[in-house]
Every structure is written in C-alpha cells, then in structure tokens.
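A quick write-up on the structure given underneath.
Just so you know, ligand 1 is whichever comes first in the structure, and atom 1 is the first atom listed for that ligand. Side chains are part of it too, since the values below use all heavy atoms of this structure and drop only hydrogens, waters and symmetry mates.
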Amino acid sequence: MKKGYNIAIDGPAGAGKSTIARRIAKELNFIYVDTGAMYRAMALYLIRKGMEPADTKGIAGACREAEISIKYQDGEQVVLLDGENVNAYLRTEEVGNMASYSSMVPEVREKLVELQQKLAASADVVMDGRDIGTVVLPGADVKVYLTASSATRAKRRYLELQEKGETADLAVIEQDIIDRDYRDMHREHSPLRQAEDAVLVDSSDLTIEEVVERIKSLCG
Ligand code: DC
C-alpha cells in the first residue's frame, strides 16, 4: 500500500498545534489526526474504571480492554470509546491530568501508536502530538516542532477560559503548563523532544496565518 503524505507536528501543550494542524488539513484536504484526544479517551476510560493516576500497573492491565477508534464526521475527528462518541468529555482538566500520567505507561502508548500508524499509512494526514516525528512517524514527509513561551501559552489558555465565562488565575495556569511540560519532556518512554530533522517554529510572536503559511511552505 502506498503510504500517505504525512505531516508531523509535535510540541508542548498550548503551542497551538491543534488549531494549526486543523487549518493545514483543511487547506490541503488532508485528514487531521489529534493524538492527544486518543490519550485523553484512554484517560477517560481509566477514570471511569476508578484508576488512580499513580497506579501504573493497574493502568497497564486495564488499558488492554479499552476499545478506542476514530471516525470522521463532517471533517471532524470523533473518538469512539467502546463505540461511544466521547469527544464532549475529553477537554476537562481532570481528563488532561490523568492523560498526562497514563500516557507515561508503555502499554498505553503501544496500543495508541499502532492505531496512529495505521491511519497515517492509509491516508494523507496532519498528525499532532508529542512523539509523532520521533516515534510514530519517523519517516514523515514534513516534521515541525511547534512551540511558544510558557507565558504566551498561559495567556492564550487564560483568554480561552475567560471567553467561556470561567474564572482563572494566570499564574496558576502558567505553573500548570510548566509542570505538564516537565512531565512530558522527562518521562522515560517517548518523551517530548524535537526530532533531529524537525523544523522549529516558535509561535510566540506569529499569527495563526503566519504559522500555517510557514508550515505549508515546507510541503514540497
Ligand atoms: O495534547 P493534549 O493536551 O490533548 O494531550 C493530552 C496528554 O497526552 C498530554 O499530557 C500529553 C499526552 N500525549 C502524548 O503523550 N503523546 C501524544 N502523541 C499526544 C499526547
């Protein structure tokens, strides 16, 4: 089977990966694969099973039974957990926090990486995550490491929450981002790092359009 054209975008939480990847996918008529949502769906499964984030052994066993798959509806990725559309439950702090722990467990990663590789082999994809250029798609046609300062990322998250009418503390958000970065970058398995052949894009002082154009210009 001919491999699809693969664009890999990695980077820390809040760098704008999903916004950018979604835009590029739309403009190039590619499929957008949000791998963070898969880790979040697994985290939701584990929360529903009553697992504790620190129970690595329990998570390694329980994750085998979770049936995670994805489908596309009106161009949007829908994550199915045991057949149920769980998109609406994935973006909470509780799920994000569990995902940041459960994604350290090798059994969880193995299962989701296999699903991601299958998707990329059969279609043109823009895939975002933490280990796409390094582990999932080492042979990707284009690799980008998208980042932004923790202050910029905290400000974006703060404005997002304000828009939803939620109160938030900027300093707490920034500390949370710094802690999550540390966990993502220092875990034993597939830590977040820039692949040697990835292009570094710092979005701190760029508009969404500028980042999209920069990445599109890398696609030959
Ligand atoms: O990008 P996100 O916030 O939706 O990701 C949720 C968690 O999953 C985050 O802690 C990092 C982890 N993750 C990962 O380990 N590997 C990926 N390819 C994507 C996400």
Side-chain angles (χ1 to χ4, degrees), residues 6-22 25 31-47 51 53-54 56 59-60 63 66 68 70 76-79 81 86-120 125-138 140 143-148 150 152-154 156-158 160-161 173-195 198 203:
N6 294 166
I7 301 173
I9 303 181
D10 290 301
K17 296 188 299 294
S18 62
T19 306
I20 301 293
R22 194 175 270 118
I31 284 175
Y32 166 49
V33 183
D34 173 0
T35 64
M38 296 178 190
Y39 285 94
R40 285 170 182 269
M42 181 62 87
L44 178 66
Y45 174 83
L46 296 166
I47 290 170
M51 289 284 160
T56 310
I59 290 174
C63 77
I68 293 174
I70 69 171
E76 276 297 305
Q77 172 179 293
V78 174
V79 185
L81 173 59
V86 290
N87 273 22
Y89 311 114
L90 301 182
R91 310 293 327 163
T92 67
E93 291 303 312
E94 186 193 14
V95 168
N97 195 42
M98 173 61 116
S100 132
Y101 285 95
S102 53
S103 62
M104 293 185 205
V105 179
E107 286 80 357
V108 168
R109 305 203 68 82
E110 236 165 71
K111 184 163 178 151
L112 298 181
V113 166
E114 194 189 319
L115 175 61
Q116 292 153 15
Q117 288 174 334
K118 273 194 192 147
L119 282 164
V125 299
V126 183
M127 188 178 287
D128 76 2
R130 305 292 192 284
D131 59 339
I132 311 306
T134 52
V135 175
V136 182
L137 307 174
K143 293 184 189 178
V144 173
Y145 189 83
L146 184 64
T147 189
S150 57
T152 301
R153 290 184 282 137
R156 288 178 186 160
R157 179 83 186 123
Y158 178 77
E160 226 175 72
L161 289 171
I173 294 176
E174 185 169 359
Q175 192 54 51
D176 193 49
I177 283 178
I178 291 168
D179 292 346
R180 198 164 288 190
D181 282 358
Y182 188 87
R183 285 201 296 274
D184 286 349
M185 290 176 183
H186 291 85
R187 67 184 177 208
E188 191 184 348
H189 303 281
S190 309
L192 168 65
R193 66 174 179 84
Q194 183 180 344
S203 73

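Checked against a 3.5 angstrom limit, the closest N/O atoms of Arg130 and ligand 1 fall inside it. Checking only distances, Arg187 does come within under 3.5 Å of ligand 1, N or O to N or O.
Using a cutoff of 4.0 Å between basic side-chain nitrogens and carboxylate oxygens, Asp131 and Arg109 are scored as salt-bridged. Arg156 has no carboxylate O lying under 4.0 Å from a charged side-chain N of Glu160, or vice versa, which leaves the two without a salt bridge.
Regarding atom 12 (C) of ligand 1, its nearest protein heavy-atom neighbour is Ser103 OG, 3.7 Å. What sits closest to atom 19 (C) of ligand 1 on the protein, heavy atoms only, is Thr35 OG1, 3.3 Å. Considering only non-hydrogen protein atoms, atom 6 (C) of ligand 1 sits nearest to Arg40 NE, 3.8 Å. Of the protein's non-hydrogen atoms, Ala99 CB, 3.8 Å is the one closest to atom 7 (C) of ligand 1. Protein heavy atom in closest approach to atom 16 (N) of ligand 1: Arg109 NH2, 3.1 Å. From the protein, the heavy atom lying nearest to atom 8 (O) of ligand 1 is Tyr39 CB, 3.5 Å.
Applying the salt bridge (charged side-chain N to carboxylate O under 4.0 Å, His left out) rule to Asp181 yields the partners Arg153; only residues at least two apart in sequence or on another chain are considered.
Among Ala43, Pro191, Gly36, Gly14, the residue whose heavy atom lies nearest to atom 5 (O) of ligand 1 is Gly36.
Only the side chain of Asp184 comes within 4.0 Å of ligand 1, counting heavy atoms alone; its backbone N, CA, C and O stay farther away. Neither the backbone nor the side chain of Ala13 has any atom closer than 4.0 Å to an atom of ligand 1 (non-hydrogen atoms only).
At least one side-chain heavy atom of Tyr145 sits less than 4.5 Å from a side-chain heavy atom of Leu192.
With respect to Ser100, the side-chain hydrogen bond (donor to acceptor under 3.5 Å, both in side chains) criterion is satisfied by exactly one of Arg180, Arg40, Arg183: Arg183.
Residue pairs meeting the side chain to side chain donor-acceptor pair (under 3.5 Å) criterion with at least one partner in residues 10-22, sequence neighbours excluded, are Arg22-Glu76.
Within the 3.5 Å criterion, the main-chain N or O of Ala148 finds no donor-acceptor partner in the side chain of Ser203.
Proximity of Gln116 to ligand 1 is not established, as no heavy-atom distance is less than 4.0 Å.
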